[in-house]
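Counting starts at 1 for both ligands and their atoms, in listed order.
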Amino acid sequence: MPRFSDTSLQNSKPSVDRKNRKKNVKNIKRTNDPAALEMLDYTIENNIITAFDRWSAQQPQCAFGYQGICCRICFAGPCRIKGLEGPGSMGICGAKDYTIVARNAIRMMAGGASAHSDHGRELVEVLYHMSEGKAPDYEIRDADKLKRVAKKIGLEIEGKTDIELAKEVALAAFEDYGRHTSEGTTFLKANLCEKRIKKYEETDTMPRAIDREVVEVMHRTHVGVDADPVNLIFGGVKCSLADLTGEQISTDISDILFGTPKPVMSEANLGVIEPDKVNIILHGHNPVLSQMVVDTARELEDEAKAAGAAGIQLSGICCTGNEVLMRNGVPIATSYMAQELAIATGAIDVMCVDVQCIMPGLRNVCECFNTKLVTTMPISKIPGSYHFSFEDSKAKQSAEGIIRLAIETYKARKESGRPVQVPQFKNKLMAGFSFEALLDLFAAINPDNPIKVLTDAIIDGEITGVCALAGCNNLEAVYEKSHTDIIKELAKNDVFMVGTGCVMQAAAKQGLMNYEAVEEYAGPGLKKFIDRLYEANKDKLPDKLPLTFHMGSCVDNSRIFNLWTAMANEYGVDVPKVPFVATAPEGMSEKAVAIGTWVIASGIPCHVGAMPPLEGSNLVWSVVTCIAHDVFGGNFILETDPQVAAQKLIEAVKYRAWKLKIHMKTAEEYGTDLCQAF
Ligand code: NFS
Ligand code: SF4
């Protein structure tokens, strides 16, 4: 039966009322990951405090903060919205619930945009320094990508050396951080479809420069500036599109410097830790150091062996882990929420961190086990840890220092004879699906127009549509259970899944990123599609294709943005017409708020499974769940129950596919152009 409306929009309230979302503080076995469960038992027995215990200690969490109606923007406050009427319904300055909720939300977007974009800036600096001969340990590993990026952003490539071009690309990227004119950021505009450019210009949401939009959000949310919630949210949208610019820069330049990912096999979960090897975990986000450690570890393997180890075992956590998995097949140890549990195995010699999503709580656990916690970035230090200041002029030297420290620690660990507790759970995975790698798979079927393989599969009804899986872990939900529940439900309904970030680490750890998962969970159409892709690419693939396609770290959501833009261009429509949805089942960070916002501003419905602090204002709630849809074509679906969420996502993607098919059929029948007004 055809559907006539998108039901995900009709009921924008979550299926479970907040008052009934009581949290069971006694049940801290809040995960369906068997390795994390085993470690949780072990940490409880041994009195090691982790995020799971601290979560319990924090209950019940403050309801004002939870709903976003606590304001600490000036120190006349903190102010809380205490009721619907009277003086207590406003802050001291007269700010209403909607102003406070909107201000808090867009400050989160500015935080996220800063994190992603500063990560991008580090990469631009490395590229620039390399082009000046000041970062001798780096090189251009993908010259083709360099040329593609240069061309896309409008640079003349003829007659220039790679180094000259690298410098020009770096300068163009720098300009996106600090341009003083208002034509829009280059790296964003070069990747948008025409209709989205027009939309952002019309709604005054085209970012001028990354730093400027972040500053503007901080300014307009200062006490006594912007009080209009809609105006505030549009400012947040502009800032989140600056975030997307920073993500696109990060991805493009990482690929130029370190190579564009291709399909690669690996493994995930704590079982990848090998107690007889020197174990180094790479944790954080920025590949400038982690990639250097990966390259250097190969060279120092003999030193590790001379110290009595069977070799060096690297593994990753969070997005730096995703970066080195995608490019080098480095296995995944675990995801954000279980980072301390990895240390509690007692088998980690060095935990090497850079920036973002690194729990300060790591320090205490490291102390229990004699694991060396190594910080590497000047802006990200933890009291009591080792600091190897990372500079791109002597990157290799830093990497060597870190690895040698790990070898020393390994020797001490073996001499101490301390027992280790490594859960024997791990799963096989295939990752490495950059946008280019996906197109490459499609090109084996349709070399002239690769993306048509995907767009046709939707029109022919082989697959229902595409869903992007993204985001973090949040103990608001059972750790990783929402991820796995939603993935299984979407698979059953023939939805093709791509993804990034910690959700993909959950998929990998729990066996949902290999062909066995296709056999077990994929609906007949999705299985046929994945098999068809494999058949056409058999000769060049290391194994059969997986159920979920890992596109990288969270900045690599830009790859997903490139994917839906290519689909929109192929269909000849704007992005809101493309059968594409997104979900962050356990969103947590400010970065996730920024990403979610540009996803809906792109015209994509985006589910979030952990409640963001928006419930305190019905007005803001309706703007992000409904009005955003009228303006941008995308909206948030805020729903904590994974089964209900999966159904809403399926409805939304089916509705889009159905509508597109009807219009395409009609246009074909009457020999007209596709109507754009649907
Ligand atoms: Ni994304 Fe990746 Fe994970 Fe969340 Fe943190 S690591 S950048 S923010 S927790 S997915
Ligand atoms: Fe209170 Fe207004 Fe200050 Fe916020 S800005 S803390 S609502 S007085």
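Salt-bridge check for Asp226 with Arg103: failed, with every basic side-chain N at 4.0 Å or more from each acidic carboxylate O. Ion pair Arg107/Glu590 not flagged as a salt bridge, since none of the NZ, NE, NH1 or NH2 atoms sits closer than 4.0 Å to an Asp/Glu carboxylate oxygen.
Residues Ser335 and Asn473 bring a donor and an acceptor atom of their side chains to less than 3.5 Å of each other. A donor atom on one side chain and an acceptor atom on the other are found under 3.5 Å apart for Asp33 and Asn269. Using a 3.5 Å distance cut-off with no hydrogens or angles, the side chains of Glu247 and Trp598 do pair a donor with an acceptor. Checked by atom type, the side-chain pair Ser558/Thr251 shows a donor-acceptor distance below 3.5 Å. Inspection of the Lys509 and Thr334 side chains reveals an N or O donor paired with an N or O acceptor under 3.5 Å. At a cut-off of 3.5 Å, with distance as the only test, no side-chain donor of His285 or Asp354 sits close to an acceptor on the other residue. One side chain, Gln510 or Asn32, offers a donor N or O that lies under 3.5 Å from an acceptor on the other.
Geometrically, Arg30 does not engage Tyr479 in a cation-pi contact defined by less than 6.0 Å to the ring centre and at most 45° from the axis.
Distances below 4.0 Å separate heavy atoms of Cys71 from the following atoms of ligand 2: 4 (Fe), 5 (S), 6 (S), 7 (S). Contact atoms of ligand 1 toward Cys472: 4 (Fe), 8 (S), 9 (S), 10 (S) (distance under 4.0 Å to a heavy atom of the residue). Per-residue contacts place Gly77 under 4.0 angstrom from the following atoms of ligand 2 (heavy atoms of the residue considered): 6 (S). Of all atoms in ligand 1, listed by their number and element, those nearer than 4.0 Å to a heavy atom of Cys318 are 6 (S). Distances below 4.0 Å separate heavy atoms of Cys79 from the following atoms of ligand 2: 1 (Fe), 6 (S), 7 (S), 8 (S). For ligand 1 and Met588, the ligand atoms under 4.0 Å from any heavy atom of the residue are 9 (S). Each of the atoms 7 (S) of ligand 2 lies under 4.0 Å from some heavy atom of Gly91.
Under 4.0 angstrom from ligand 1, the non-hydrogen atoms of His285 all belong to its side chain. Contacts of Cys357 with ligand 1, taken as heavy-atom pairs under 4.0 Å, involve the side chain alone.
Remark: minimum distance from atom 3 (Fe) of ligand 2 to any protein heavy atom is reached at Cys74 SG, 2.3 Å. Nearest protein heavy-atom neighbour of atom 8 (S) of ligand 1: Ser589 OG, 3.2 Å. Scanning the protein heavy atoms around atom 1 (Ni) of ligand 1, the nearest turns out to be Cys554 SG, 2.2 Å.
With 2.8 Å as the limit, Cys502 counts as an N, O or S neighbour of atom 3 (Fe) of ligand 1. Among the backbone and side-chain atoms of Cys93, none of the N, O or S atoms lies under 2.8 Å from atom 4 (Fe) of ligand 2.
Close to ligand 1: Gly471, with a non-hydrogen atom less than 4.0 angstrom away. The closest approach between any non-hydrogen atom of Arg103 and ligand 2 is below 4.0 Å.
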